[in-house]
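Values below: all heavy atoms of this structure, side chains included; hydrogens, waters and symmetry mates excluded. Predicted model, so just to flag it, every value in this text is computed and none were measured. Residue numbering restarts at 1 for every chain, and letters A, B, ... go by the order of the sequence lines.
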Amino acid sequence: MKKTLKKWLEKTIEGILFLSSTITTLTVILIVVFLFKEGKSLFQSTPIEEGFVLAVNKANAAGNLSANQIKNIFDQNIINWKELGGNDEPIFLFRMDDLSNYYTDEELGENFEFVPQRTNEFIDKTPGIIAFFPSKNIDSNFSGKILPIEKTTLKQFLSEKEWFPTAQPVAQLGVLSLILGTLWVSFGAILIALPLGLATAIYMAEIATKRVRNILKPLIELLAGIPSVVYGFFGLIVIVPQIQSLFGLPVGETALAGSIILGIMALPTIVTISEDALRTTPNAMKEASLALGANKWQTIHRVVIPYAGSGITAAAILGIGRAIGETMAVLMVTGNAAIIPHTFLEPVRTIPATIAAELGEAPQGGMHFKALFALGCILFIMTIVVNLTVEFISSRRKNKISH
Amino acid sequence: MKFSINSVKKKELKQWLAFNVFRALSVLVVCILILILSFITYHGIKVISWEFLTSMPEDGMTKGGIFPAIVGTLCLVTGSMIFAVPIGILSAIYINEYTKASFFKRFVKLMTNNLAGIPSIVFGLFGMTLFVKTLGFGDSILAGSLTLGLLTLPVVIRTTEEALKSVENSFRHGSYALGATKLQTIRKVVLPMAFPNIITGIILSIGRVSGETAPILFTVAAYFLPKLPTGISDQVMALPYHLYVISTSGTNIEESRPMAYGTALVLIGIVLIVNITANALRKYFSKKVKMN
Amino acid sequence: MTPIITTRFVNLFYNEFQALKNINMAIMPNTVTALIGPSGCGKSSYLRLFNRMNDLIDGVSITGDIMVDGEMIYSKGIDIVALRRKVGMVFQKPNPFPKTIFENIAYGLRVNGVTDKKRIEEKVEFSLQQAALWEEVKDKLKKSAFELSGGQQQRLCIARALAIEPSIILMDEPASALDPISTAKIEELIYELKRNYTIVIVTHNMQQAGRVSDYTAFFYLGELIEFGDTKEIFTHPKDKKTQNYITGRFG
């Protein structure tokens, strides 16, 4: 009796242990589900502000318009319907508050109860009109044409350059500049971190005495422990003004500032992983090289570094991954302008910084909110690709070493 | 065979050059660290006082102290550890002690690594949708702690796993040979031996959690809250978010600068204490093991 | 004839532990000398003195005189790299680099400043021939050295050592990881190489010592117990411990 109880207990505990071990997997799955559900819904809706419609005269032959075309209409870059495949008719822009320019207060009614009717009237008599107004003002016998707007497509989302999620009448949701900004800053960071980190790793693994290494190792760990806001703060107060005065820029918040800070932050990852990789070089190989009359440096650069090659690659990729996902420090020093950078001395905006800065202000369920989640999906995919690549490299490396 | 003296000299010169370049770059890395630490210490030390640590912020966060932020961070660290430590340790025990090299084990490891690589801002998004909205916790210590807990879970799992791995199999076999069950062996032999390394790992993850900002942005952190939390469904201020706020978007950035230095120094102080404690523990325990 | 290696009152310590005690020995050129003894007796440490491979281990200290080719190799200002070029070494386990067969041999030449492509090619072929490996690998010089069998890898390592034309070759149990056929090939090779090189070989295999060496030194607990003509040692050991070891009573 006691024995079965004991056995049952052991089984229960094993079950609890098993459940705990599935939590990480579960979390990854949940992250995917929540992120992608919200992100996907972006592509099922049109980018017009919620509760608003765009309408044209019933005689207008123009069809499905894209967000970009509408923006160009309202920016008056497109001024004739024929440019959009319609009749030769100049475009007439109309917003709700314009109504009072054409009708007296009496005509609109004491409580604006005639607004829908007048709007309808005005649209009806203006052939070139494009009207942007709340959908609650659509008259019951509305005789105009509600303009169909294309849904945001993935292709547009990824290839359009303009990120202006609060634009009226339609949000501009192009994330190309954000993606490029992220890659640009991360690439800069790795340019700084790789030489420095690799040199430190080589120094620690092969050159330094044990004592020096025992001092360096905890310092590198400390570097890894400093919170990213503190890096951001340091960057904001020390590096940004330096860059501004050094290059004579109007603002110091630039991609360069981001790259420098991210570079410092990626250092510990690169140092630790490449040092580990360098250390896996079998002593037998180093000895063989030295016994052939190679000196220490020749042994390092002809035997040790090639042997650790894939590990160093993994370190670099992981460093980029860290840089891509870093939020706070970048948010504080890069200036956050959503433009495609051409030099390191311009402000940029990265994906994580965009999410951090804008999510608080985006109304839940709106276009903007969904777009930020879609950005989260992109970020997620980027980091998963990085992780799987590293995983792949290191599993191949393990095979090689055991061989 | 004749090897020219020149080539020997050349290669010694190259070695000398290369070694010095590496040495110089390593020194540079250390200098960067020292620069950051000393800069913040220099400016922050003037601000730090008992007063600063224990009083409320005043005058639009340009004066007063950071007490609520310290309390908030303390709550979040405690909350996330209550969640992550047991699950992390149990999970690592299962992976290391119960599963053999199998597809399941490899899959779980892959997922854990993936989770560790997910950027903290994505955790923020996730925590907001799951804990704040779907489960209806609202912006609260509970939601923030769970988000931070998930973030640090892979760290706890990994360090515990390493700690369990470092316990030699001969100890397990010795215990089995005496008629102990698997569970008894784990509880009485494996865990006590792995304990020091597990503790070190937990301390390091405390350091990480206390500095995280992005995951708490949308799950718990309050811009300004001049009162202390009374329960787990309250919002709190937190040190890292506070530093972000007063250095970028406070009511008066210039005037809150000293406050920012002070907050940064407190954050650095936490990291320093955590790292020094972890290293001291490591040294202490490794000595003890040697003596046995 | 003058000895090519002489050691006088050599002591070697790993921190506090004394691994070699007052070793005096002289090794003649163009001979094969076998160092034998139970594991931990110091024979490998002794071998590694001659190309200063012990320097790589932390906490090693050495006293006494070691003379190689008329030079005190532990005196200040000695060129270790030049020494290692003169004293080649083959290790216990084959340890080719993860490079092609060709590059493995060329390595020693390249790190010693040889850049002439033609000269390298000639030297690679010559060394492989000397190591009796040329016929087996001449068509796959660009293949990875790891594709060779263990025995071939070890001969490749010998060829690699030969390429930089040392006058002395140290072998640290070169056949211990190999099958009998490969071992026989290596032993044959050692016999061939004796004409041009001085060979010092550590082995735990008594028969091997008997087959390949001219002289044998027996080490026990860091001391040189007996050193002399191989036939002499194997047939009439003077010391009881030597006799016990050779007849397999300990070790």
Side-chain angles (χ1 to χ4, degrees), chain A residues 10 13-14 16-18 20-21 23-25 27-28 30-31 34-35 38 195-196 199-200 202-204 207 216 218-219 221-223 225-230 232-234 236 238 264 267 295-298 321 324-328 332 352 355-356 359-360 373 376 379-380 383-384 386-387 391, chain B residues 11-12 14-15 18-19 21-23 25-26 28-30 32-33 36 39-40 87 90-91 93-95 98 108 110-115 117-122 125-126 129-130 150 153-154 157 181 183 207-208 211-214 217-218 240 243-244 247-248 260 264 267-268 271 274-275 279:
Chain A
E10 293 234 344
I13 289 175
E14 193 178 331
I16 293 171
L17 293 173
F18 169 74
S20 308
S21 77
I23 296 235
T24 49
T25 311
T27 310
V28 174
L30 280 176
I31 288 179
F34 276 92
L35 220 57
E38 197 74 45
L196 266 182
T200 310
I202 292 171
Y203 184 71
M204 279 167 69
I207 303 169
L216 277 175
L219 289 182
E221 270 175 30
L222 197 58
L223 206 56
I226 297 177
S228 68
V229 258
V230 175
F233 179 64
F234 178 78
L236 191 65
V238 178
I264 298 173
L267 268 177
N295 65 15
K296 227 174 158 184
W297 166 236
Q298 287 175 319
I324 286 178
E326 178 45 49
T327 311
M328 299 315 289
M332 291 163 84
I355 299 174
L359 192 68
F373 269 83
L379 193 59
F380 180 84
T383 49
I384 289 290
V386 164
N387 283 344
E391 206 74 38
Chain B
K11 88 186 195 190
E12 289 311 309
K14 269 189 190 163
Q15 161 153 321
F19 281 16
V21 167
F22 290 146
R23 191 169 295 128
L25 290 176
S26 307
L28 178 62
V29 170
V30 174
I32 291 172
L33 175 71
I36 295 174
F39 178 82
I40 286 169
I87 293 186
L90 292 179
S91 169
I93 290 176
Y94 189 78
I95 297 168
Y98 282 83
V108 169
L110 182 70
M111 282 306 190
T112 311
N113 284 349
N114 273 336
L115 194 65
I118 292 175
S120 52
I121 187 72
V122 174
L125 284 178
F126 172 64
T129 40
L130 179 65
L150 285 179
L153 191 56
I157 293 179
T181 63
L183 199 59
R208 176 159 181 216
E212 279 292 347
T213 318
L217 279 179
F218 317 117
L243 174 59
Y244 168 65
S247 59
T248 59
L267 277 167
I268 294 263
V271 172
V274 157
N275 274 273
N279 274 320

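Residues Leu110(B) and Glu391(A) share a closest heavy-atom pair of CD1-CG, 3.3 Å. Taking all atoms of both residues into account, the shortest heavy-atom contact from Thr200(A) to Ser26(B) is CA-OG, 3.5 Å. Contact between Ser247(B) and Leu236(A) at its shortest, heavy atoms only, is O-CD2, 3.3 Å. Minimum interatomic distance between Phe218(B) and Ala356(A) (heavy atoms only, all atoms of both residues): CZ-O, 3.6 Å. Of all the heavy atoms in Asn113(B) and Asn387(A), the pair that sits closest is O-ND2, 3.8 Å. Nearest approach of Ile95(B) to Ser21(A), heavy atoms of both residues: CG1-CB, 4.2 Å.
Judged as a ring-ring contact (aromatic ring centres under 6.0 Å, His included), and not counting sequence neighbours, the contacts of Phe234(A) are Phe39(B).
Looking at Val238(A), only its side chain comes within 4.5 Å of chain B, counting heavy atoms on both sides. Residue Leu222(A) touches chain B through both its backbone and its side chain, counting heavy-atom pairs closer than 4.5 Å. Residue contact with chain A, scored on non-hydrogen atoms closer than 4.5 Å, involves the backbone and the side chain of Ile36(B) alike. Heavy atoms closer than 4.5 Å to chain B are found in both the backbone and the side chain of Leu196(A). If you measure heavy-atom distances from Leu153(B) to chain A, the contacts under 4.5 Å come from the side chain alone. Both the backbone and the side chain of Leu33(B) come within contact range of chain A, with heavy atoms under 4.5 Å apart. Heavy atoms of Leu183(B) lying under 4.5 Å from chain A belong to its backbone as well as its side chain. Residue Arg208(B): no heavy atom, backbone or side chain, is found under 4.5 Å from chain A. If you measure heavy-atom distances from Asn114(B) to chain A, the contacts under 4.5 Å come from both the backbone and the side chain. Proximity to chain B (any heavy atom under 4.5 Å) is restricted, for Leu35(A), to the side chain, taken from C-beta onward. Neither the backbone nor the side chain of Glu326(A) has a heavy atom closer than 4.5 Å to any heavy atom of chain B. Proximity to chain A (any heavy atom under 4.5 Å) is restricted, for Ile32(B), to the side chain, taken from C-beta onward. For a residue to count as touching a neighbouring chain, one of its non-hydrogen atoms must lie under 4.5 Å from one of that chain's; by this rule Leu28(B) touches chain A with the side chain only. Using a 4.5 Å cut-off between heavy atoms, Thr25(A) touches chain B through backbone and side chain atoms alike. Within the 4.5 angstrom heavy-atom criterion, only side-chain atoms of Ile264(A), from C-beta onward, approach chain B. Residue contact with chain B, scored on non-hydrogen atoms closer than 4.5 Å, involves the side chain of Leu216(A) exclusively. Only the side chain of Leu267(A) comes within less than 4.5 Å of a heavy atom in chain B; its backbone stays farther off. The contact between Phe34(A) and chain B is made entirely by side chain atoms (from C-beta outward), counting heavy-atom distances below 4.5 Å. Contacts of Leu359(A) with chain B are made by both backbone and side-chain atoms, with heavy-atom separations under 4.5 Å. For chain B, the nearby parts of Ile355(A) are the backbone and the side chain; heavy atoms of each come within less than 4.5 Å. With a 4.5 angstrom heavy-atom cutoff, Ile87(B) touches chain A via backbone and side-chain atoms both.
Per-residue counts of heavy-atom pairs under 4.5 Å with chain A were compared for Ile40(B), Leu267(B), Ile268(B), Thr112(B); the largest is that of Thr112(B). Counting heavy-atom pairs under 4.5 Å between each of Ile93(B), Leu150(B), Val30(B) and chain A puts Leu150(B) at the top. When each of Leu219(A), Thr383(A), Ile31(A), Leu223(A) is scored by its heavy-atom pairs under 4.5 Å with chain B, the top score falls to Ile31(A). Chosen from Ile202(A), Thr327(A), Ile16(A), Ile384(A), the residue pairing most often with chain B at heavy-atom distances under 4.5 Å is Thr327(A). Between chain A and the residues Thr213(B), Val274(B), Leu217(B), the largest count of heavy-atom pairs under 4.5 Å involves Thr213(B). Ranked by heavy-atom pairs under 4.5 Å with chain A, the first of Pro154(B), Gly207(B), Ala264(B), Ala260(B) is Ala260(B).
The line from CD1 of Ile121(B) to CZ of Phe380(A) is 15.0 Å long, rounded to the nearest 0.5 Å. Rounded to the nearest 0.5 angstrom, Lys14(B) NZ and Gln298(A) CD are separated by 7.5 Å. Here CZ of Arg23(B) is found 4.5 Å from OH of Tyr203(A). Values are rounded to the nearest 0.5 Å.
Looking at Asn279(B) and Glu221(A), their side chains come closer than 4.5 Å, going by heavy atoms from C-beta outward. No side-chain heavy atom of Thr24(A) sits less than 4.5 Å from a side-chain heavy atom of Ser91(B). Side-chain contact between Phe233(A) and Thr248(B) is absent, with no heavy-atom pair separated by less than 4.5 Å.
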(message) Quick one, Glu12(B) with Trp297(A), criterion side chain to side chain contact (heavy atoms under 4.5 Å, CB included). Give me CA distance, side-chain angles, the key distance, then yes/no.
(response) CA-CA 9 Å; Glu12(B) 289 311 309; Trp297(A) 166 236; over 6 Å; no
(request) Would you sort out whether Thr181(B) and Glu10(A) count as a side chain to side chain donor-acceptor pair (under 3.5 Å), showing the intermediate values? (result) CA-CA 9 Å; Thr181(B) 63; Glu10(A) 293 234 344; 2.8 Å; yes
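Under the 3.5 Å distance criterion, the side-chain polar atoms of Asn295(A) are matched with a main-chain donor or acceptor of Lys11(B).
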